[in-house]
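Heads up, the thing below is written out as structure tokens.
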Amino acid sequence: MIFIGITGGVGAGKSAILAYMEENYKCRVMRADEIAHQVMEPGGGCYGALRELFGAENVWLPDGRIDRPALAGVLFSNEKKRTALDALVHPAVKDYVRQQYAYETERGELDILVLEAALLIEENYGEICDELWYIYTAEGNRRGRLKASRGYSDGKIDSIFAAQLSEEEFRAGCNEEIDNNQSLDVTYRQLDMLLECRGIIPI
């Protein structure tokens with residue numbers, strides 16, 4: 001089993017690539033955003049610490065879960081608590097990823113385990129993953145997709161782009177690059193070739 005970390009700027013088209021991998025290979029995809037939500041739920045890896053950090057805030061639902069819109073409001077006006085939250089959630093996500101990697105390695109049924117994460121490079125997932133892959137899509141194409149699919153304004157897109165790594169930083173931090181500027185068929189062929197070079201073929 002090969003463990004691949006996949007990243008790229010918002011609007012790069014990662015979701016379609018991940019879906020293709022799940023459908024055509026013995027592959028499991030983990031998404032860091034989904035794991036972050038999971039570890040913040042009751043019983044999750046950082047839930048107790050969250051209760052301590054935000055216990056006095058009006059961000060709790062009657063069932064004990066965190067009210068995410070209310071939490072976002074608190075974090076928007078309190079950078080200190082945002083930093084403290086990141087310091088809790090990111091390690092808990094990484095712990096979960098390590099556990100699942102160990103589990104899938106022992107189970108031995110996958111050819112590919114994938115982690116998709118926006119902060120793949122920043123959080124040093126190269127220490128865990130066998131390889132990091134960058135999905136490259138030109139800024140103009142990403143901007144068009146975000147406007148069409150999510151209705152984002154140019155101002156919102158600018159702020160998102162400014163918070164992410166540059167193309168050069170993505171490339172420097174990753175082992176492979178997939179160009180997703182043409183049709184998805186072209187993208188899928190690149191992916192298939194990269195996996196074939198590693199002895200992995202579709203199911």
Side-chain angles (χ1 to χ4, degrees), residues 3-15 18 28-104 113-129 132-135 142-143 145-146 149-167 169-170 172-174:
F3 187 13
I4 301 172
I6 287 183
T7 192
V10 64
K14 297 183 291 295
S15 295
L18 296 171
R28 174 188 170 190
V29 173
M30 299 185 291
R31 294 165 175 83
D33 283 349
E34 294 176 2
I35 298 170
H37 287 178
Q38 183 175 329
V39 299
M40 292 170 68
E41 292 291 320
C46 62
Y47 180 77
L50 288 177
R51 292 294 313 197
E52 292 183 17
L53 181 60
F54 296 100
E57 304 283 356
N58 186 28
V59 298
W60 301 100
L61 297 170
D63 63 1
R65 292 183 300 115
I66 202 155
D67 183 333
R68 295 187 183 279
L71 177 64
V74 170
L75 298 177
F76 181 77
S77 59
N78 193 325
E79 186 63 30
K80 185 176 180 180
K81 286 207 168 178
R82 175 187 291 276
T83 301
L85 176 66
D86 288 344
L88 292 174
V89 173
H90 292 321
V93 170
K94 190 171 280 190
D95 285 344
Y96 177 91
V97 169
R98 285 195 179 99
Q99 291 165 10
Q100 294 304 303
Y101 173 63
Y103 167 75
E104 295 295 359
L113 180 64
V114 172
L115 172 68
E116 184 274 318
L119 300 179
L120 195 75
I121 297 169
E122 297 93 320
E123 290 297 313
N124 298 312
Y125 275 101
E127 299 171 351
I128 304 173
C129 299
L132 304 185
W133 291 12
Y134 169 42
I135 310 303
R142 291 164 55 207
R143 187 178 294 272
R145 290 175 186 174
L146 291 170
S149 64
R150 305 187 195 181
Y152 286 179
S153 67
D154 279 316
K156 180 165 186 173
I157 294 170
D158 288 341
S159 66
I160 294 171
F161 284 2
Q164 296 193 319
L165 297 180
S166 67
E167 293 173 12
E169 289 170 317
F170 275 122
C174 290

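Index from 1, following the sequence. Just so it is clear, the model here is predicted, and its values are computed rather than measured.
- For the atom pair Trp60 CH2 and Asp67 CG, the distance stands at 10.5 Å (nearest 0.5 Å).
- Remark: Tyr101 pairs with Phe3 by the ring-ring contact (aromatic ring centres under 6.0 Å, His included) rule, at least two apart or across chains.
- In this structure, Ala32 and Leu115 approach most closely via the heavy-atom pair N-CD1, 4.1 Å.
- Residues Ile6 and Leu120 form no side-chain contact, since every pair of their non-hydrogen atoms from C-beta on lies 4.5 Å or further apart.
- With values rounded to the nearest 0.5 angstrom, Phe161 atom CZ is found 5.5 Å from Arg143 atom CZ.
- Of the inter-residue distances, the one linking Ile4 atom CD1 with Trp133 atom CH2 reads 4.0 Å to the nearest 0.5 angstrom.
- When every heavy atom of Val89 is checked against every heavy atom of Val39, the shortest pair comes out as CG1-CG2, 4.4 Å.
- The ring-ring contact (aromatic ring centres under 6.0 Å, His included) check on Tyr125 picks up nothing, with sequence neighbours excluded.
- Side-chain atoms of Lys14 come within 3.5 Å of backbone atoms of Gly8 as a donor-acceptor pair (strictly under, hydrogens ignored).
- In this structure, the side chain of Arg142 does not engage the main chain of Ile157 through any donor-acceptor pair within 3.5 Å.
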request  = Please report the C-alpha distance between Val97 and Glu123 in whole Å, then the side-chain angles of each, then the deciding distance to 0.1 Å, and finally whether the side-chain contact (heavy atoms from CB on, under 4.5 Å) criterion is met.
outcome  = CA-CA 12 Å; Val97 169; Glu123 290 297 313; over 6 Å; no
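- Using cut-offs of 30° and 60° for the angle between ring planes, the Tyr134 and Phe170 rings count as parallel.
- Here CG of Leu113 is found 11.0 Å from CD1 of Ile128. Values are rounded to the nearest 0.5 Å.
- Between Arg31 and Asp33, none of the side-chain N atoms (NZ, or NE/NH1/NH2) sits under 4.0 Å from a carboxylate O, so this pair counts as no salt bridge.
- Distance CG/Asp154 to OG/Ser159: 11.0 Å, rounded to 0.5 Å.
- Closest approach of Gln100 and Met30 over heavy atoms only: CB-SD, 3.7 Å.
- Under the 4.5 Å side-chain criterion, counting only non-hydrogen atoms from C-beta, Leu88 is not in contact with Glu52.
- Applying the side chain to side chain donor-acceptor pair (under 3.5 Å) rule to pairs touching residues 70-98 yields Glu57-Lys81, sequence neighbours excluded.
- Here the CE atom belonging to Met40 is positioned 11.5 Å from the CZ atom belonging to Arg65, to the nearest 0.5 angstrom.
- Side chain of Glu116 to backbone of Val29: no donor-acceptor contact under 3.5 angstrom is found.
- No more than 12 heavy atoms of other residues, nucleotides or ligands lie within 6.0 Å of CG in Asn58, so this atom counts as exposed by the packing criterion.
- Side-chain atoms of Thr7 and Leu165, non-hydrogen and from C-beta on, never get closer than 4.5 Å to each other.
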